[in-house]
There are 2 protein chains.
Amino acid sequence: MPRVTLHDVALEAGVSDSTVSRALRGLDKVDEGTRAKVKDAARELRFSFSRNASSLASGKTMRLALLFSDALNTWFDSSVLQGAYEVLSPAGYDIIPSTVSTDFELNSFLNRLPYDGNVDGVIVCSINLDTAQSKALKKLTIPVVGLDSRTIDGFDASVLMDDDTAMDDAVGLLQGLGHQRIAFVGWPAPGDFRFSSQLRAGAFMKAAKRLGFDDGSVARIDLGKMNDYRSPDDALSAAAARLLALDPRPTGICVEVDGFAVPLIAELKRFGVRVPEDMSVIGFDDTDVAAAVEMTTVHQNPVEMSRLAARKVLALMRGQTLDEAHSVLRPMLIPRKTTGPIL
Amino acid sequence: MPRVTLHDVALEAGVSDSTVSRALRGLDKVDEGTRAKVKDAARELRFSFSRNASSLASGKTMRLALLFSDALNTWFDSSVLQGAYEVLSPAGYDIIPSTVSTDFELNSFLNRLPYDGNVDGVIVCSINLDTAQSKALKKLTIPVVGLDSRTIDGFDASVLMDDDTAMDDAVGLLQGLGHQRIAFVGWPAPGDFRFSSQLRAGAFMKAAKRLGFDDGSVARIDLGKMNDYRSPDDALSAAAARLLALDPRPTGICVEVDGFAVPLIAELKRFGVRVPEDMSVIGFDDTDVAAAVEMTTVHQNPVEMSRLAARKVLALMRGQTLDEAHSVLRPMLIPRKTTGPIL
DNA sequence: TTGTAAGCGTTATCAA
DNA sequence: TTGATAACGCTTACAA
């Protein structure tokens with residue numbers, strides 16, 4: 001099956017190559033009559049552009065890279081994929097996902113980028129860059145937007161969640177329900193990175209302080225990295241054990257992500273701790289699972305966040321300037337059945 | 001930031017362009033001394049290949065298209081993305097997801113493909129092709145593998161689940177628990193397509209017959225398409241209402257997908273039907289949500305299926321032949337807490 | 001409004 | 001083992 005080229009269409013339509021190019025790309029300064037003729041020929045021959053050739057000639061690749069630090073089938077990452085696809089695909093862009101799980105991989109990615117020319121833009125997801133990495137980004141000629149990153153440094157644009165306010169809401173709910181002793185349970189992240197973990201734990205401590213909890217009544221459980229455990233179940237047991245060992249034992253906890261909070265509740269039950277009678281639990285994300293078990297959680301919408309980020313790269317790739325380069329979204333606390341008053 | 005080209009490296013290393021190309025691609029017939037020299041120059045200049053130029057010259061794009069009929073952030077599709085990424089990325093391939101939701105879109109995709117030359121292969125996911133479409137595929141010069149499709153017609157290779165056996169297991173469990181009246185609840189699929197719905201409904205009816213249920217004791221609820229409803233909640237209410245209207249009312253049901261089964265259970269509870277006391281429910285997929293609510297379901301592993309499919313395209317793209325082009329995987333019934341004996 | 005021709009950055013063929 | 005040189009399929013000045 002020999003490739004049908006622009007030239008074939010030109011021959012068929014009886015015009016020059018450049019006219020075909022112009023006609024098919026919808027440029028002006030083309031007689032509508034010839035355009036119709038060309039389109040007919042193209043349709044008949046089933047012509048479609050070689051993106052490679054177009055890219056090579058024009059310098060635009062019409063491709064965008066999405067960089068993740070976790071698996072593509074996680075709730076957050078797959079939502080980002082979908083959101084980005086929704087806005088980029090109609091604009092004619094292909095999206096190309098990649099993942100990195102170590103700083104080494106991240107650095108290779110970042111180092112290759114500036115000289116690479118294989119994509120027109122990048123969305124970087126849930127990755128916190130260090131100073132050197134941010135600096136590397138600044139040298140790029142293609143736009144890079146950060147999504148769910150800690151800082152906006154180095155990014156041409158970004159979309160972040162306001163974790164502080166969310167945490168105020170969450171801790172505020174526990175306080176309002178009468179809880180005096182509270183704790184934060186960090187999620188053992190996969191890979192080398194610390195994600196936003198440190199962020200949420202820090203936000204929790206700040207919120208607690210702001211709301212008047214004293215040091216003795218606030219605990220923080222840091223479980224390290226997932227790789228430190230033989231299995232996710234082990235991490236879960238560790239979390240439950242450490243929680244119950246706390247003295248005084250907290251009656252209200254925030255768990256960094258829903259995906260860890262839901263099985264933790266089951267694990268707690270196994271230890272004889274009822275939720276919410278003995279302990280109130282608040283998660284973060286509002287995934288399907290959280291909704292299914294009616295867990296109180298902090299809702300965020302990564303599809304929407306990603307659409308916004310994609311609109312930003314798109315504008316930047318088109319050479320436009322953004323009126324608001326850096327957006328901060330407000331997550332929303334959804335009280336459900338895993339939080340209750342002190343009995 | 002001017003692009004660093006192969007030529008720049010050649011200049012730096014004091015050799016010809018072609019030598020750089022050969023050296024960097026690891027081809028033989030290159031003196032190891034010069035190769036080292038070239039590599040040094042490349043590293044120093046931070047050179048990386050332009051995929052576009054390589055593709056144009058070589059005819060290989062090193063890109064693979066993934067075609068879905070549903071959103072990228074669904075459980076199944078995102079798992080496929082991840083599985084494919086795991087095997088194709090190390091092999092140097094980029095993966096490019098696209099979605100189609102109408103037959104028209106599907107046809108445009110298929111028609112463009114053969115003359116397109118923008119990808120080296122395609123994985124088609126959960127899409128049932130009609131005869132004309134299968135025929136169109138056969139003309140392609142790039143390999144196309146089907147994943148979770150109804151038939152293997154037109155595909156160079158495929159990975160399917162054995163829905164029949166799974167259904168035998170599911171219906172068998174209900175029967176074993178003493179249920180005399182059973183029903184299948186179809187999931188109102190989004191978009192134009194019917195996915196594997198018809199397949200599972202059909203498999204259910206067959207399994208029931210095989211196990212000795214007579215026509216009067218088996219019901220099948222077809223809810224049409226999601227687009228027919230104002231909201232997913234409406235579809236849910238419709239399902240529950242139709243179920244309860246059944247006379248005699250079934251005591252055991254199979255629901256096409258977990259994602260519909262879980263909220264349906266909640267809806268049933270609202271109607272005063274307890275699960276499993278009044279009605280046993282079996283789902284399909286074994287998603288996180290199913291596990292979280294301890295629902296009996298039929299487990300399948302789309303990440304693993306996708307890895308297998310990806311290995312197949314990869315081999316085909318490399319011109320190898322497959323010893324087993326078409327694989328059928330066996331799903332597994334996981335009994336949990338939504339099924340119980342007749343009380 | 002249309003055509004000519006020079007790239008774009010590689011690979012591949014053929015000589016050397 | 002290396003080096004010219006002609007593709008690859010398109011875009012884009014510039015000329016007509």
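In the text below, chain A, chain B and the rest are named by the order of the sequence lines, each starting its count at 1.
Salt-bridge check for A:Asp94 with A:Arg51: passed, with a basic side-chain N closer than 4.0 Å to an acidic carboxylate O. Salt bridge status for A:Asp153 with A:Lys138: present, with a side-chain N to carboxylate O gap under 4.0 Å. Looking at A:Arg43 and A:Asp40, a side-chain N of the basic residue comes within less than 4.0 Å of a carboxylate O on the acidic one, giving a salt bridge.
Residues forming a side-chain hydrogen bond (donor to acceptor under 3.5 Å, both in side chains) with A:Arg311 (at least two apart in sequence, or on another chain): none. With sequence neighbours excluded, the residues satisfying side-chain hydrogen bond (donor to acceptor under 3.5 Å, both in side chains) with A:Gln82 are A:Glu86. With sequence neighbours left out, B:Leu329 forms a side-chain contact (heavy atoms from CB on, under 4.5 Å) with B:Val159, B:Met161, B:Met305, B:Leu308, B:Ser327.
Applying a 4.0 Å cut-off to non-hydrogen atoms, the residues of residues 14-30 of chain B that approach DNA chain C are B:Ser18, B:Ser21, B:Arg25, listed by residue number.
Between B:Leu45 atom CG and C:dG9 atom C1' there is a gap of 15 Å when expressed in whole angstrom units. Atom P of nucleotide C:dG3 and atom NE2 of A:His7 are separated by 12 Å, given to the nearest angstrom. The interatomic distance linking B:Met62 (CE) with C:dT11 (P) rounds to 11 Å, in whole Å. We find that CZ of B:Phe49 is positioned 7 Å from P of C:dT10, with the value rounded to whole Å. Rounded to whole angstrom, the span from the CG atom of B:Leu56 across to the P atom of C:dC8 amounts to 14 Å.
Where DNA chain D meets chain B (any atom under 4.0 Å from a heavy atom), the bounding nucleotides read 5' to 3' are D:dT1 to D:dG9.
Counting heavy atoms from C-beta on, the side chains of B:Phe68 and B:Thr74 never come closer than 4.5 Å. Proximity of A:Ile96 to B:Ile95: side-chain heavy atoms (C-beta onward) are nowhere separated by under 4.5 Å. Taking the side chain as every heavy atom from C-beta outward, A:Trp75 and B:Asn73 never approach each other to under 4.5 Å.
B:Arg3 has a side-chain polar atom (N or O) that falls below the 4.0 Å cut-off from OP1 or OP2 of C:dT10.
If you check every strand for non-hydrogen atoms under 4.0 Å, A:Ser55 touches nothing.
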Verify side chain to side chain contact (heavy atoms under 4.5 Å, CB included) between B:Leu64 and B:Asp120, making sure each step is shown before the conclusion.
CA-CA 6 Å; B:Leu64 182 117; B:Asp120 294 337; over 6 Å; no
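Under a 3.5 Å cut-off, the side chain of A:Thr34 and the backbone N or O of A:Val30 do not form any donor-acceptor pair.
Rounded to 10 degrees, the angle separating the terminal axes of the helix from C:dT1-D:dA16 to C:dA16-D:dT1 is 30°, with each axis obtained from five end pairs.
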